[in-house]
Amino acid sequence: SLYALTVVTSMGVRVAPKDAQPGDFLNINWAKGGGHSAVFLGWVPTADGKPGVKFWGSQSSTNGVGEVVVSQESMSGLVITRLTNPAGILSL
């Protein structure tokens, strides 16, 4: 996962959801099972006004890479990681 990559290599730190900033990495656990890695873009309402998260990633709904907004209730878990030390990749 992105969390493991950034934390194990000291490339990043876990960030509380309230402190998330555009460009942070997301690991989403879906309520229906499975997961997704993406780039956080912001907290926004969904089309029906529910609390949601906007992210950039690769998914079938965009036929590749694109922006998506999903409701927070569709997720069972969320880990946000901020890249703080890209040079940490050299420790692998």
Side-chain angles (χ1 to χ4, degrees):
S1 76
L2 291 169
Y3 173 71
L5 175 65
T6 56
V7 174
V8 170
T9 61
S10 299
M11 290 174 48
V13 296
R14 188 168 178 170
V15 177
K18 68 179 182 60
D19 297 323
Q21 297 177 4
D24 288 342
F25 293 106
L26 297 178
N27 281 323
I28 301 168
N29 292 321
W30 298 114
K32 293 183 178 181
H36 191 63
S37 294
V39 179
F40 178 80
L41 297 177
W43 299 110
V44 299
T46 62
D48 59 0
K50 295 179 181 178
V53 62
K54 183 177 184 178
F55 62 84
W56 181 85
S58 177
Q59 52 274 328
S60 59
S61 66
T62 61
N63 290 320
V65 177
E67 295 179 2
V68 176
V69 175
V70 297
S71 69
Q72 291 179 26
E73 66 188 21
S74 68
M75 299 178 277
S76 65
L78 182 66
V79 175
I80 303 170
T81 307
R82 181 165 302 139
L83 188 63
T84 55
N85 178 31
I89 193 74
L90 301 175
S91 68
L92 292 178

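For clarity, every value in this text was computed on a predicted model and none was experimentally measured. The basis for the numbers below is simple: all heavy atoms, side chains too, and nothing from hydrogens, waters or symmetry mates.
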Q: For the pair W43 (side chain) and A20 (backbone), establish whether a donor and an acceptor sit closer than 3.5 Å, ignoring hydrogens and angles.
A: no
(Q) Quick check: closest heavy atoms across M75 and I28, and the distance to 0.1 Å? (A) CG-CG2, 3.5 Å
Show every donor-acceptor pair shorter than 3.5 Å between a side-chain atom in residues 64-72 and any protein atom, with sequence neighbours excluded, or say none if there are none.
residue	atom	partner	partner atom	Å
E67	OE1	K54	NZ	3.2
S71	OG	S74	N	3.4

Q. Considering all heavy atoms of both residues, which atom of E73 and which atom of A31 are nearest to each other, and what is their separation?
A. O-CB, 4.1 Å
Q. Is the side chain of D24 donor-acceptor paired with the backbone N or O of F40 at a distance under 3.5 Å, no angle test?
A. no
Q: Measure the NE2-OG distance between H36 and S58 for me, rounded to the nearest 0.5 Å.
A: 7.0 Å
Q) How long is the gap from CZ on R14 to CG on D19, to the nearest 0.5 Å? A) 12.5 Å
Q) Who are the ring-ring contact (aromatic ring centres under 6.0 Å, His included) partners of W30, not counting sequence neighbours? A) none
Q.
So which atom in W56 and which in A38 form the shortest heavy-atom distance, rounded to 0.1 Å?
A. O-CB, 3.4 Å
(Q) Does any part of the side chain of V39, heavy atoms only, come nearer than 4.5 Å to the side chain of F55, both counted from C-beta? (A) no
